[in-house]
Amino acid sequence: MRVPIIAGNWKMNKTPSEARRLAAEMREELERIAGVEKVLCPPFIDIPAVAEVVQGTSIAIGAQNLFPAPSGAYTGEISPVMLKELCQFVILGHSERRAYFHEDDSFINRKVLAALEHGLTPIVCVGENLEQNRAGKTEEVVSGQVRGVFNGLSREQMLRVVIAYEPVWAIGTGLAATAADADRVIGQVIRPVLSDLFGEDVAQAVRVQYGGSMNAANSRELLERENVDGGLIGGASLKANEFVEIVRIAAAVKGCKG
Ligand code: PGA
């Protein structure tokens, strides 16, 4: 069975002291919810403060990026070896990084391999933009991304990956995909490509989150869908109550099956 996973992508928000407060505000309530994997992904500079707050709890920490080398002359970058001391997860290939920092599938592929090599669980984002969606190219775009970013992974490596299906037009817009559409893209595009590449057992075992304007109000409907194994939450993860509520809903909807 696929254990549900809810991750908060804090993006470029919160100073270290604000991050410490936000994590502390969520800690007790999140800790009380079983059957769901819970991940907080603060900015790099906030990670030590948040790690301190969640130490000894079931709450995991994720970074929002990495550079695919263990160390070296890469000014301004952070390596998987550094992250490994404080993080268990890392978000890779987010559409904001694709758009603003020109990351392509082959570079994201190197990052995925580097994360796995160093024992981090990558949360790898795929998703079509509005223009592609309107042109009926969702399937082509998403399947191309899946093939590109997971190129060369072994079956064992693929089983450790989490995918986030995030239609770009739904991110930060307040306009989430419908539950039926999210379920369809995950179940009829992403899993079949995984099946083709790694076998049907792997395709059924890999967890796929939905992301894009997911909040406490719409999360139940999305999480009720069979192929939606969790959420990657942006805006709503910056409000303690809202994020806790989404995790609670995930536990109620999926937890018993997890
Ligand atoms: P959003 O962001 O929930 O604010 O739409 C999701 C994401 O970008 O991961």
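Just follow the structure's listing: the first ligand is 1, and inside any ligand the first atom is 1.
The backbone N or O of Trp10 sits less than 3.5 Å from a side-chain atom of Asn13, completing a donor-acceptor pair. Counting only distance, with no hydrogens or angles, the side chain of Arg191 and the backbone of Asn227 share a donor-acceptor pair below 3.5 Å. Proximity of a side-chain donor or acceptor of Arg2 to a complementary backbone N or O of Gln204 within less than 3.5 Å is detected. Judged by distance alone, with hydrogens and angles left aside, the side-chain atoms of Gln209 form a donor-acceptor pair with the main-chain N or O of Ile5 at under 3.5 Å. Side chain of Gln64 to backbone of Asn9: no donor-acceptor contact under 3.5 angstrom is found. A distance-only check finds no donor-acceptor pair linking the side chain of Ser79 to the backbone of Ser71 [under 3.5 Å].
Annotation for Glu200: atom CD counts as buried by contact number, over 12 foreign heavy atoms lying within 6.0 Å.
Taking every non-hydrogen atom of His94 and a distance limit under 4.0 Å, the qualifying atoms of ligand 1 come out as 7 (C), 8 (O), 9 (O). The ligand atoms of ligand 1 that sit less than 4.0 angstrom from a heavy atom of Leu232 are 6 (C), 9 (O). Listed by number with element, the atoms of ligand 1 under 4.0 angstrom from any heavy atom of Gly172 are 1 (P), 4 (O), 5 (O).
For Ala236, the closest heavy-atom approach to ligand 1 does not fall below 4.0 Å. Residue contacts with ligand 1 leave out Gly211, since none of its heavy atoms falls under 4.0 Å from the ligand.
Residue Ile171 places no N or O, backbone or side chain, under 3.5 Å from any N or O of ligand 1.
In terms of protein heavy-atom proximity, atom 9 (O) of ligand 1 is closest to Glu166 OE2, 2.7 Å. Of the protein's non-hydrogen atoms, the one nearest atom 3 (O) of ligand 1 is Gly234 N, 2.8 Å. Among protein heavy atoms, atom 4 (O) of ligand 1 sits closest to Gly235 N, 2.8 Å.
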